Amino acid sequence: MNNQPNDRINENHVAIDQALLLFHMLSNPTRFNILFLLSVEEMNVKELERRIGQSQSAISHQLTLMRNAKLVQSIRIGRKRYYRLQDGHVRLILGLVMNHVSEEK
């Protein structure tokens, strides 16, 4: 018996779940602001705290969630950990969203 159609259906469910997680991550204002700032430059938690106006613990919590969702990654430079977008896809998604909401009707 050939299970290929069922395999494709299961793969689609996994992809849909991952897409829904992405949109869930983008739906939080703090996370979206962090991603938007990181689309411009790498930043550490202290810089994000200053720019966003949230506490260090709140920003660190959101960064952990986004790192687990593969939206951001971190690098250590000296004693500080800097965060950046995981890859160009994240930057592209943010750009498309911002272009979409900026369109004139």
Side-chain angles (χ1 to χ4, degrees):
M1 197 161 196
N2 189 351
N3 285 333
Q4 285 182 329
N6 286 337
D7 290 344
R8 277 189 240 127
I9 290 170
N10 289 336
E11 288 173 8
N12 285 340
H13 285 296
V14 170
I16 288 169
D17 287 345
Q18 291 171 339
L20 290 171
L21 175 61
L22 170 66
F23 284 112
H24 174 71
M25 288 286 120
L26 294 176
S27 71
N28 177 281
T30 300
R31 287 192 294 259
F32 194 89
N33 281 325
I34 291 169
L35 289 170
F36 187 75
L37 288 170
L38 295 179
S39 73
V40 177
E41 64 182 312
E42 294 177 358
M43 293 184 165
N44 62 39
V45 173
K46 201 61 148 168
E47 292 168 329
L48 289 166
E49 180 182 4
R50 186 174 42 82
R51 296 284 296 275
I52 294 174
Q54 297 278 331
S55 70
Q56 178 270 331
S57 62
I59 290 171
S60 292
H61 174 71
Q62 298 303 335
L63 286 166
T64 298
L65 293 174
M66 291 187 291
R67 199 170 55 244
N68 292 339
K70 298 187 181 353
L71 294 175
V72 300
Q73 60 182 268
S74 65
I75 56 168
R76 184 173 290 282
I77 301 175
R79 293 182 162 194
K80 294 184 179 179
R81 183 169 296 280
Y82 286 82
Y83 292 86
R84 62 182 171 202
L85 298 182
Q86 179 75 23
D87 58 33
H89 293 113
V90 178
R91 183 174 279 103
L92 178 63
I93 291 165
L94 290 170
L96 290 170
V97 167
M98 295 308 287
N99 284 341
H100 177 72
V101 298
S102 298
E103 288 179 348
E104 290 187 30
K105 303 290 183 212

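Keep in mind the model is a prediction, meaning the values are calculated, not measured.
- Note: L21 CG to M25 CE = 5.0 Å, rounded to the nearest 0.5 Å.
- Between M66 and L35, the shortest heavy-atom contact is SD-CG, 3.6 Å.
- Counting Ile, Leu, Val, Met, Phe, Trp and Tyr side chains that sit under 4.5 Å apart, directly or through other members, L92 shares a hydrophobic cluster with L96.
- Separating the CZ atom in R67 from the OH atom in Y83 is a distance of 4.5 Å, to the nearest 0.5 Å.
- Note on V45 and F32: same hydrophobic cluster, where clusters join Ile, Leu, Val, Met, Phe, Trp and Tyr whose side-chain heavy atoms are under 4.5 Å apart, directly or indirectly.
- Although no hydrogens or angles enter the test, the distance criterion places a donor-acceptor pair under 3.5 Å between the side chain of S39 and the main chain of F36.
- Atom NE2 in H61 sits 10.5 Å away from atom CG in L63 (nearest 0.5 Å).
- The closest donor-acceptor contact from the side chain of R50 to the backbone of G53 lies at 3.5 Å or more, if one exists at all.
- Contact detail for T30 and I52: the closest heavy-atom pair is O-CD1, 4.4 Å.
- If you take CG on L65 and CG on N28, they are separated by 8.5 Å, rounding to the nearest 0.5 Å.
- Side-chain contact check for I75 versus E42: some heavy-atom pair is nearer than 4.5 Å.
- With values rounded to the nearest 0.5 angstrom, E47 atom CD is found 10.0 Å from L38 atom CG.
- Atom CG in L22 sits 6.0 Å away from atom CG in L71 (nearest 0.5 Å).
- Using a cut-off of 4.0 Å between Lys/Arg side-chain N and Asp/Glu carboxylate O, K46 and E49 are scored as salt-bridged.
- Surrounding CZ of R51 are at most 12 heavy atoms belonging to other residues, nucleotides or ligands under 6.0 Å away.
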*Show your reasoning for whether side chain to side chain contact (heavy atoms under 4.5 Å, CB included) applies to L48 and N33.*
CA-CA 9 Å; L48 289 166; N33 281 325; over 6 Å; no
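- Under a 3.5 Å cut-off, the side chain of R31 and the backbone N or O of Q62 do not form any donor-acceptor pair.
- Closest heavy-atom contact between Q73 and Q86: NE2-O, 2.9 Å.
- Contacts of K70 classified as salt bridge (charged side-chain N to carboxylate O under 4.0 Å, His left out), with partners at least two apart in sequence or in another chain: none.
- Side chain of S102 to main chain of N99: no donor-acceptor pair is present (N/O by atom type, distance under 3.5 Å, no hydrogens or angles).
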